[in-house]
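Just so you know, these numbers use all the heavy atoms, side chains as well, and skip hydrogens, waters and symmetry mates.
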Amino acid sequence: HVQLVESGGGSVQAGGSLTLSCKASGNTASSPQCMAWFRQAPGKEREGIAAIYAGEGRTYYSDAVKARFIIGEDNVKNTIYLQMSSLNSEDTAMYYCARGGSCTSTSWRASEKYSYWGQGTQVTVS
């Protein structure tokens, strides 16, 4: 079993930046290595915004965040990060970290493929 804990959310003005962290613990060595960030705004469906294949550095981004967000990893700390810049009101959402199956260009955004989820961290842009 794997536990995921997000941190780093908060309130920020439009145009500002935030960095989210997601620390994994438990049986990480034998669990799937694809990790992703999803977000869900009130009244909207959960959407995948970025993913990384741990250890290989292969990354994927949604069009909504490409060129503004950067996903990274620290394998020693079992942590992934999401550096967010040029934030706007449409980025306001609960952000979730997930760990799951394969990271491919066609499957990384499918939330049902992820076995483990964090509790979420709120990002509010005003």
- Which atoms form the tightest heavy-atom contact between Thr104 and Tyr60, and what is the distance? CA-OH, 3.6 Å
- Taking atom CD of Glu90 as the centre, report whether more than 12 heavy atoms of other residues, nucleotides or ligands fall under 6.0 Å from it. no
- Message: Minimum heavy-atom separation for Leu18 and Gly8, please, with both atom names.
- Response: CD2-O, 3.8 Å
- CG-CZ distance between Leu82 and Phe69, expressed to the nearest 0.5 angstrom: 6.0 Å
- Which heavy atom in Val123 sits nearest to a heavy atom in Met84, and how many Å separate them? CG2-CE, 3.9 Å
- Query: Within a strict 4.5 Å, meaning less than it, do heavy atoms of the Ile52 and Tyr61 side chains meet?
  - Reply: no
- Interatomic distance, OH@Tyr53 vs CD1@Ile71, rounded to 0.5 Å, equals 14.0 Å
- Message: My understanding is that only residues two or more places apart in sequence, or in another chain, count here; which of them pass ring pair (Phe, Tyr, Trp, His ring centres under 6.0 Å) with Phe38?
- Response: Tyr114, Trp117
- For residues Glu73 and Gly57, report the shortest heavy-atom separation together with the two atoms involved. OE2-N, 3.6 Å
- Task: Hey, could you give me the SG/CD distance between Cys97 and Gln119, rounded to the nearest 0.5 Å?
- Result: 9.5 Å
- Please confirm whether the backbone N or O of Gly48 pairs with a side-chain atom of Arg109, one donor and one acceptor, at under 3.5 Å? yes
- If you take all heavy atoms of Ser21 and Thr79, which pair is closest and at what distance? CB-CG2, 4.2 Å
- Task: Indicate the atoms forming the closest heavy-atom contact of Glu6 with Tyr96, along with that distance.
- Result: OE2-CA, 3.3 Å
- NZ-SG distance between Lys113 and Cys103, expressed to the nearest 0.5 angstrom: 11.5 Å
- Interatomic distance, Tyr81 atom OH to Lys23 atom NZ [nearest 0.5 angstrom]: 8.5 Å
- Message: For a 4.5 angstrom cut-off between non-hydrogen side-chain atoms, does Gln122 reach Thr92?
- Response: yes
- Which value, rounded to the nearest 0.5 Å, describes the distance between Asn75 atom CG and Ile80 atom CD1? 11.0 Å
- Query: Are Arg99 and Tyr116 in a cation-pi setup, meaning NZ or CZ lies under 6.0 angstrom from the ring centre and within 45 degrees of the ring axis?
  - Reply: no
